[in-house]
Amino acid sequence: MTYYTMPDNEKLYVREIGQGKARPVLILSGLGMSSWQWLPFILPSLNQRRFIIPDYRGFAGSKHCKIPQHLNTIESHWQDIDALLKQLNLKEIDVIAYSMGATTTMHGLKYANFAQKIRRYLHIDQTAKIKNDTEWRYGLMGQHQDAFLNLMQQMITLLEPHQQLRSIAQLPPRVQAQLNELWLSFMQIQNPDSRLTKLLHYLPSNKWQTQLLPLQSLPYILWYLRSYLQHDEDYRTALAALDKPTHFIIGKQSALYDMRGQLSVAEQLKNAHIQVFAQSGHMPLVTEPFQFTKVVNRFLSG
């Protein structure tokens with residue numbers, strides 16, 4: 001296992017795999033993912049490419065990293081990625097970024113020189129502006145954004161009195177049950193027709209809670225909730241200005257991030273290749289895994 005020391009002396013786990021001599025590939029995951037979950041998708045290219053896949057703070061191999069003071073999640077993730085690239089002394093890379101990983105990429109495009117290091121970029125189902133306003137209605141959850149953000153605030157209000165605890169398992173049973181109900185409401189807004197969402201109505205809360213919440217650490221849950229609630233960045237100009245070959249995978253049925261908003265930005269790029277997954281929402285890795293693998297490895301062989 002490979003750990004890299006971050007500027008605050010915390011140890012970030014980074015999975016390095018593959019033997020190819022071509023440009024290395026940096027993969028930035030979505031919220032709740034572990035680096036190993038990419039292995040089935042990149043398996044066909046392991047002999048041709050070298051992959052660098054960090055685990056974010058709070059997850060998998062990096063779950064014991066401390067939360068940096070005075071930084072939100074995206075700023076923290078970008079600083080960690082920037083520090084990693086400097087330690088690896090990588091001058092030119094290909095980048096695959098999904099969901100929160102794509103937000104981290106766009107943060108680097110806007111506030112740093114990340115574009116100078118990127119040779120080719122694959123952007124997977126993420127909006128360039130999370131918060132809606134009078135001119136932009138394609139942010140997180142679109143027309144349901146207010147209800148979604150309200151649920152986030154309710155979770156924060158519920159958990160803050162217990163933030164001295166380390167994990168969900170230490171919460172009083174009553175609070176655990178309330179958190180489960182809020183999470184289920186979260187999922188119902190995001191994907192009301194999902195078989196899994198419907199199934200959860202019939203399962204005792206203590207049976208599914210630990211399986212479905214992407215985090216078990218209370219400090220990390222509060223950190224992520226606060227960051228998303230306060231996140232008001234607009235990366236549209238920064239992403240549209242990227243002049244490298246850029247590929248987009250967009251879920252046509254994505255409830256989290258409306259396809260129309262993603263297309264409106266993608267179509268501004270001079271060298272964009274857009275792949276719409278007709279049967280997918282926000283998780284084409286899960287809903288169309290074979291097609292996803294095919295597109296990813298086509299990108300890697302380009």
Side-chain angles (χ1 to χ4, degrees), residues 29-34 37 56-60 63 67 72-74 77 98-101 103 125-127 130-132 137-232 251 253-258 280-287:
S29 304
L31 178 66
M33 290 186 69
S34 299
Q37 291 175 287
Y56 295 123
R57 294 179 184 233
F59 297 99
K63 64 182 178 181
I67 295 173
N72 65 40
T73 57
I74 302 305
H77 292 333
Y98 167 51
S99 192
M100 187 176 68
T103 300
D125 208 76
Q126 179 63 303
T127 184
I130 287 179
K131 286 289 184 68
N132 290 337
R137 304 302 298 173
Y138 302 123
L140 177 67
M141 290 306 303
Q143 63 180 340
H144 300 296
Q145 183 170 105
D146 290 343
F148 211 62
L149 297 181
N150 182 55
L151 281 172
M152 287 186 181
Q153 184 58 61
Q154 288 184 58
M155 288 184 184
I156 291 172
T157 301
L158 176 68
L159 296 176
E160 277 184 335
H162 309 279
Q163 59 186 321
Q164 78 281 1
L165 301 177
R166 297 180 61 183
S167 71
I168 291 174
Q170 295 175 319
L171 288 169
R174 174 185 56 82
V175 177
Q176 287 193 40
Q178 289 177 282
L179 178 60
N180 294 338
E181 288 300 318
L182 289 172
W183 184 250
L184 180 56
S185 297
F186 218 68
M187 294 186 66
Q188 286 176 318
I189 295 176
Q190 179 179 338
N191 196 351
D193 298 322
S194 165
R195 292 181 180 178
L196 178 59
T197 302
K198 294 176 181 178
L199 177 63
L200 294 179
H201 283 288
Y202 303 99
L203 296 178
S205 60
N206 62 346
K207 294 293 184 182
W208 60 266
Q209 173 267 124
T210 55
Q211 299 298 319
L212 291 181
L213 286 175
L215 278 166
Q216 294 299 300
S217 165
L218 278 178
Y220 266 99
I221 289 173
L222 285 167
W223 186 45
Y224 275 94
L225 286 171
R226 289 165 180 155
S227 294
Y228 268 83
L229 201 60
Q230 299 165 4
H231 188 84
D232 199 23
Q253 302 178 37
S254 182
L256 277 180
Y257 303 114
D258 194 303
S280 292
H282 184 58
M283 296 190 291
L285 303 77
V286 175
T287 49

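All values below come from the heavy atoms of this structure, side chains included, with hydrogens, waters and symmetry mates left out. Given the structure is predicted, the values throughout are model-derived calculations rather than measurements.
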Has the side chain of [X] got a donor or acceptor atom that lies under 3.5 Å from a matching backbone atom of [Y]?
| X | Y | value |
| --- | --- | --- |
| N180 | Q176 | yes |
| D258 | Y138 | no |
| S227 | T73 | yes |
| Q170 | Q164 | no |

Which residues pass the side chain to side chain contact (heavy atoms under 4.5 Å, CB included) test with E160, sequence neighbours left out?
->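 Per chain and number, E160 pairs via side chain to side chain contact (heavy atoms under 4.5 Å, CB included) with I156, Q163, L222, R226.
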Taking side chain to side chain contact (heavy atoms under 4.5 Å, CB included) as the test, write out the residues that go with S29, two or more places apart.
->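 Result, side chain to side chain contact (heavy atoms under 4.5 Å, CB included) vs S29: M33, W38, I53, Y56.
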Hey, would you say the Y98 and H282 ring centroids sit under 6.0 Å apart?
->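 Y98 vs H282: aromatic centres under 6.0 Å.
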Quick one: list whatever passes side chain to side chain donor-acceptor pair (under 3.5 Å) with Q154, sequence neighbours left out.
->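 With sequence neighbours excluded, Q154 shows a side chain to side chain donor-acceptor pair (under 3.5 Å) to no residue whatsoever.
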To the nearest 0.5 angstrom, please state how far the CG atom of L140 sits from the CD atom of Q126.
->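 Atom-to-atom, L140:CG and Q126:CD are 8.5 Å apart.
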Atom CG of L31 and atom OH of Y228: how far apart are they, to the nearest 0.5 Å?
->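 That separation rounds to 5.5 Å.
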Any side-chain heavy-atom pair from L171 and L218 closer than 4.5 angstrom?
->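 The answer is yes, as the side chains (C-beta and beyond) meet within the 4.5 Å cut-off.
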Verdict with supporting geometry, L158 and E181, side chain to side chain contact (heavy atoms under 4.5 Å, CB included) = CA-CA 12 Å; L158 176 68; E181 288 300 318; over 6 Å; no
